[in-house]
Trainee: 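I am attaching a structure below and will ask some questions about it afterwards.
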Amino acid sequence: MMSRPGVLFALLGIAGLFLPLVHLRPNRIVPGEGITLTAGFATGPLIAVGLAAILIAGCLGRWSPGLRTAAALLGLVGVISSLGLAAGHLLPKGNGLARVAPASGFWLLLAAFAFMLADGLTRLRPSVAASWLILAGVLVLAAALLGSGMLDQVSVMREYATRRGPFLAETQTHLALAFGSLGLALAVGLPLGVAIYLTARARGPVLTVLNIVQTIPSLALFGIMIPLLGWIATLPGADRLGVSGIGSFPALIALFLYALLPVVSNTLSGLQGVPLPVREAALGLGMTRGQLLAQVLIPLALPSLLAAVRIVLVQNIGLAVIAGLIGGGGFGTFVFQGLNQTAMDLVLLGALPTIALALLAGIVMDLLLGMSRGAQA
Amino acid sequence: MIGRVLPALVAGLLLIFLLSPDSFAPLFRPFTRNGAPPIYGQTSLLALTLSHLAIVAVAVIASTLVALVLAVLVTRPSGREFLPLARTVTSVGQTFPPVAVLALAVPVMGFGTAPTLVALFLYGLLPVFENTLAGLTGQPPEVAEAARAMGMTDRQRLWQVELPLALPLILAGMRLTAVISMGTATIGSTVAAKTLGEVIIAGLLSSNTAFVLQGGMVVGIIAVQIHHLFQRFESRAARAAGQGV
Amino acid sequence: MIELRHLTRVYAGVPVVDDVSLNVPEGEITALVGTSGSGKTTLLRMINRLVEPTTGQVLIGGQDVAGQPVHLLRRRIGYVIQGVGLFPHHSVARNIATVPRLLGWPPAQIGARVDELLQLFQLDPATFRNRMPHQLSGGQAQRVGVARALAARPDLLLLDEPFGALDAIGRARAQADLRGVQRQLGTTMILVTHDINEAVQLGDRIAVMDHGRILQHDRPERILTDPATPFVQALIGPGERAFHLLSLSAVLGMTQPGQAQGPAIPREASLRDALAECLWSGRDALPVEGGGIVTLAALRAHARQAPE
């Protein structure tokens, strides 16, 4: 029996082996020449054979899901290490300008093994506890790869090396934007959701307004916040509350506005989703409305609330990139600087952590959601 | 009543604004400083709007076609093996921020409209794919059973039963894709795509709030209109599929 | 004639249908009755190849169904299921027309056939033709489902718990309708049910299944009076069998000359109805419409176990 997905991954990955693994460029702006894995460094052909072997063996249907997952992880480590090895080997010693950047072959190989990993994990169907362990393992592996210095010669890491301080600062800003806006949205959205659950008349107008906010393009909403908040900041006492038309504040408020709809509508649907018999039983047992809300409705609406947190976190981690365009900081700073300078390594320095962060947030929230649903089942 | 008249009124106003933006200059003047122009004049707003819509339309149509084919393939017996993987990839793919996808498309595609199109296309695949999948797999089992038992071939079942029943959800997927694309396309202007984002960015660079407002309003209003239009189609399709109220 | 030869279906090493052979005579209703998990539905679904047998053959009119293209086979066999499975996006008429359209009948003929069937099931064509399934009551949807299965004049109609979703009154009506339509059209039918009452009401023959095997296949009165195994006896229910037996025959065949007091009972009424009337009105004999009487003594004699 052949594994059809396995065949797809193998085709993808083997195409990647024949395409350039890296681009060698004389400096960070100009285009360079493509170099395949086999031509990249001394042990390149060996690694290429190893990767091809995993891909071809993956076509066989008989593998257990666990073995498939492990093989995919091995492949991923192989691909990423090759990038580092190629960079270390190809860069002329003492030349601070030349760059070795990942190219199409690298991305295809990465995709092939990532798909293989996803396929393996999907079949493995690990328990929630096992999933946490796997996640922790992958994070440790990633940290080890980054910390080992093996990748230090890759272009993105070179950009990082020259911007260590700003990078850490922007990471903090990015996280503050994403989590701060989430916190604000929860603080305002939860009571608002409960309020429109209790007063049906307010539902339509509130949800309509929040829906319209969602259709305002992020670029415009971020942009409008600057003069709007700048004007508000001139009012007496506003500056003491931290209101400001410059810096991260406008971005924070824009993200907060986008986050309101998921929080409010999920609070409402979570509360509405509590079965009528449960509600009536609680009232029948003599609970007051407040007790009903606090002891029955909100705990039962928890999965729906967690789902809102997932939506908001993933969405705002992505949208926070726009803050970089209005001087609000975050990873977007590097993305847009890079686009301006046509320095793609700098773009990657902003884009890759954003993607990694969004992915991580999505996975962690999915696991928490799984736990909360499991607790109620 | 208001639900019908208001969108038509807003659409009419928008059209007048696009055809003759300068007649709205007094409205936008309070948002300018130091005598800056109240209406964006580098490129005609109408041309930018049309280009913006064209990019979104091409991306939405392309992603719909590809997503439909993929969703049909993974729900056939021969493609079933891909179904769990497809679900995982879709849910993971949707956590990729559209801005980051756009930024990553630039190294491959260069600047201009192309990376924007590709990013919108890739990002748009997911909602349509996910919804089509839900539509095709969520049908009442006795309906599929009846179709099989009456001697419909696989092809007849797909075209006469499965796709018509999934249509409302497919349209909902297209609506999500179109509305997200309207907003994301504005960001395309940061990589030199001809979209209304150009107006907003010009406003950001010159601190001209009027530009930011007019760009944002045009995009937002069109997005709301698209949203309403699709919802009308959806409820019509739902009624035709016997799911109506 | 439908002939099942040594049919076996194995799922994960467990035989769900185990070496079943059965002859289904033409023009009759055969009821397959058994508890859930007895394999009756699987057996039914092997006839139109919704389930492929692990071993064994199904012959319809002497031809092995395994040799025929499956979609063409199914177009010749009607199939009705519990959930009905009307296409929610098609009108009643379009639903009924499904198989004729697949077979490429001319539109005029399809239209005429749809109206004919709607009338047969006492649904006014002008009212119901263009209704959508969600506008039908459960009983109406069920009748449309049977009409749809009969549309292309199939040789054979398979029914899997067709009335399971109906309430008691709707079910009685649907059963009577089905019986009437079968009498009128003479279609061969195989009916799967867990309800022995329904099997007795509708079946010309009953096959009792348990654990994938047929325990007894016979006329209802034989099953009732002479159950082959304790399981069959338990299924019938010792408290009910006398009534089942009485419900099989009409008053018509039991009338004897004589005079009796009180209101008369219709000739088509079942013996069970006659007994109920005797008990309720405290009479020993009832006059029968059109002359003659039926006596309590005769009813008692009829409802006894067959002599050993």
Side-chain angles (χ1 to χ4, degrees), chain A residues 3-5 8 61 101 103-104 107 114-115 118-119 121-123 125 211-224 226-228 310 314-315 317-322 325-326 331-332 335-336 338-340 342 344-345 347-348 350-352 354-355 357-363 366, chain B residues 31 33 78-89 91-92 94-104 106-108 110-111 179 182-187 189-192 195-197 199-201 203-204 207-209 211-224 226-227:
Chain A
S3 154
R4 286 158 192 261
L8 180 73
S104 53
W107 297 117
F115 282 144
D119 187 46
L121 283 174
T122 311
R123 284 160 203 266
R125 264 189 251 167
N211 262 309
I212 287 175
V213 170
Q214 294 281 313
T215 65
I216 303 175
S218 45
L219 214 52
L221 190 64
F222 279 74
I224 292 165
I226 298 176
L228 187 64
R310 183 199 194 275
V314 168
Q315 173 184 295
I317 287 172
L319 279 177
V321 173
I322 309 286
L325 205 62
I326 59 160
F331 293 134
V335 172
F336 291 111
L339 287 175
N340 273 336
T342 63
M344 290 311 147
D345 303 333
V347 173
L348 287 181
L352 291 180
T354 309
I355 292 175
L357 205 56
L359 258 177
L360 184 64
I363 293 169
D366 279 343
Chain B
F31 299 102
R33 275 185 302 178
S78 53
R80 281 272 166 189
E81 230 185 314
F82 288 90
L83 183 57
L85 175 71
R87 284 187 201 279
T88 310
V89 170
S91 83
V92 171
Q94 269 168 333
T95 62
F96 275 55
V99 195
V101 175
L102 183 67
L104 289 183
V106 174
V108 187
F111 283 86
V179 171
M182 279 300 294
T184 310
T186 55
I187 305 169
S189 289
T190 59
V191 298
T195 74
L196 287 161
V199 184
I200 302 171
I201 290 174
L204 290 176
S207 298
N208 187 337
T209 310
F211 288 178
V212 177
L213 275 177
Q214 57 201 245
M217 272 166 55
V218 174
V219 176
I221 289 171
I222 297 177
V224 172
I226 291 175
H227 180 89

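The chains referred to below are lettered A, B, ... by the order of the sequence lines, with proteins before strands, and numbering in each begins at 1.
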Trainee: Which atoms of S78(B) come close to chain A, meaning under 4.5 Å heavy atom to heavy atom: side chain ones, backbone ones, both, or neither?
Mentor: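 Contact with chain A involves both backbone and side-chain atoms of S78(B).
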Trainee: Which of the residues G318(A), G338(A), P5(A) is involved in the greatest number of heavy-atom pairs with chain B at under 4.5 angstrom?
Mentor: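 Heavy-atom pair counts peak at P5(A).
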Trainee: CG/L85(B) to CG/D119(A) distance, rounded to the nearest 0.5 angstrom?
Mentor: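 It comes to 5.0 Å.
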Trainee: How many angstroms lie between CE in M217(B) and CD1 in I216(A), if you round to the nearest 0.5 Å?
Mentor: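 Interatomic distance, M217(B) CE to I216(A) CD1, rounded to 0.5 Å: 10.0 Å.
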Trainee: Taking all atoms of both residues into account, what is the closest heavy-atom pair of A351(A) and A103(B), and its distance?
Mentor: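 Nearest heavy atoms, A351(A) then A103(B): CB-CB, 4.5 Å.
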Trainee: Roughly how far apart are L8(A) CG and E81(B) CD, rounded to 0.5 Å?
Mentor: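 Separation between the atoms: 11.0 Å.
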Trainee: D366(A), L339(A), V321(A), T354(A): which one forms the most heavy-atom pairs within less than 4.5 Å of chain B?
Mentor: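 Going by pairs under 4.5 Å, I would pick L339(A).
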Trainee: Can you list everything that forms a side chain to side chain contact (heavy atoms under 4.5 Å, CB included) with T342(A)? Sequence neighbours excluded, please.
Mentor: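 Applying side chain to side chain contact (heavy atoms under 4.5 Å, CB included) to T342(A) gives I29(A), F111(B).
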Trainee: Please state whether the side chain, the backbone, both or neither of T88(B) comes within less than 4.5 Å of a heavy atom of chain A.
Mentor: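 Only the side chain of T88(B) comes within 4.5 Å of chain A.
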Trainee: Is the CZ atom of F115(A) crowded by more than 12 outside heavy atoms at less than 6.0 Å?
Mentor: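 Open.
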Trainee: When only pairs under 4.5 Å are counted, which of I221(B), V179(B), I187(B) shares the most heavy-atom pairs with chain A?
Mentor: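 Most heavy-atom pairs within the cutoff with chain A belong to I187(B).
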Trainee: Which of the residues T209(B), V199(B), I201(B), L102(B) is involved in the greatest number of heavy-atom pairs with chain A at under 4.5 angstrom?
Mentor: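 Among the listed options, the one with the most contacts to chain A is T209(B).
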Trainee: Name all residues meeting the side chain to side chain contact (heavy atoms under 4.5 Å, CB included) criterion together with L83(B); count only those two or more places apart in sequence or in a different chain, and write none if there are none.
Mentor: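 Applying side chain to side chain contact (heavy atoms under 4.5 Å, CB included) to L83(B) gives V74(B), R80(B), R87(B), L133(B).
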Trainee: So, do L359(A) and F96(B) sit near enough that their side-chain heavy atoms are less than 4.5 Å apart?
Mentor: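 The answer is yes, as the side chains (C-beta and beyond) meet within the 4.5 Å cut-off.
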Trainee: Atom CD1 of I226(A) and atom CG of L204(B): how far apart are they, to the nearest 0.5 Å?
Mentor: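 With rounding to 0.5 Å, CD1 (I226(A)) is 6.0 Å from CG (L204(B)).
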Trainee: Is F336(A) in contact with chain B via its backbone, its side chain, both, or neither, using a 4.5 Å heavy-atom distance?
Mentor: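 It is the side chain, since no backbone atom gets that close.
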Trainee: Just so I know, are the side chains of L104(B) and I355(A) near enough to count as touching, which here means a heavy-atom distance under 4.5 Å?
Mentor: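 Yes. Closest side-chain heavy atoms under 4.5 Å.
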Trainee: Which value, rounded to the nearest 0.5 Å, describes the distance between T95(B) atom OG1 and I363(A) atom CD1?
Mentor: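 Answer for the OG1-CD1 pair, T95(B) versus I363(A), is 7.0 Å.
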Trainee: Pick whichever of V101(B), T190(B), L213(B) has the most heavy-atom pairs under 4.5 Å with chain A.
Mentor: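 Of the options given, most contacts go to T190(B).
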Trainee: Flag yes if more than 12 heavy atoms outside R123(A) fall under 6.0 Å of its CZ atom; otherwise flag no.
Mentor: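 More than 12 within 6.0 Å, yes.
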Trainee: Could you have a look at L121(A), L228(A), T122(A) and say which one has the most heavy-atom pairs with chain B under 4.5 angstrom?
Mentor: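 The option with the most such pairs is T122(A).
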Trainee: CD1 of I224(A) to CD1 of I200(B): how many Å apart, nearest 0.5 Å?
Mentor: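 That separation rounds to 8.0 Å.
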Trainee: Checking L219(A) against chain B: side chain, backbone, both or neither under 4.5 Å from a heavy atom?
Mentor: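 It is both, since atoms from each part get that close.
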Trainee: Which region of I322(A), side chain (C-beta onward) or backbone (N, CA, C, O), has a non-hydrogen atom less than 4.5 Å from a non-hydrogen atom of chain B, or is it both or neither?
Mentor: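 The answer is the side chain of I322(A).
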Trainee: Can you tell if the side chain of V106(B) reaches within under 4.5 Å of the side chain of M344(A), non-hydrogen atoms only?
Mentor: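 Side chain of V106(B) against side chain of M344(A), heavy atoms only: contact under 4.5 Å found.
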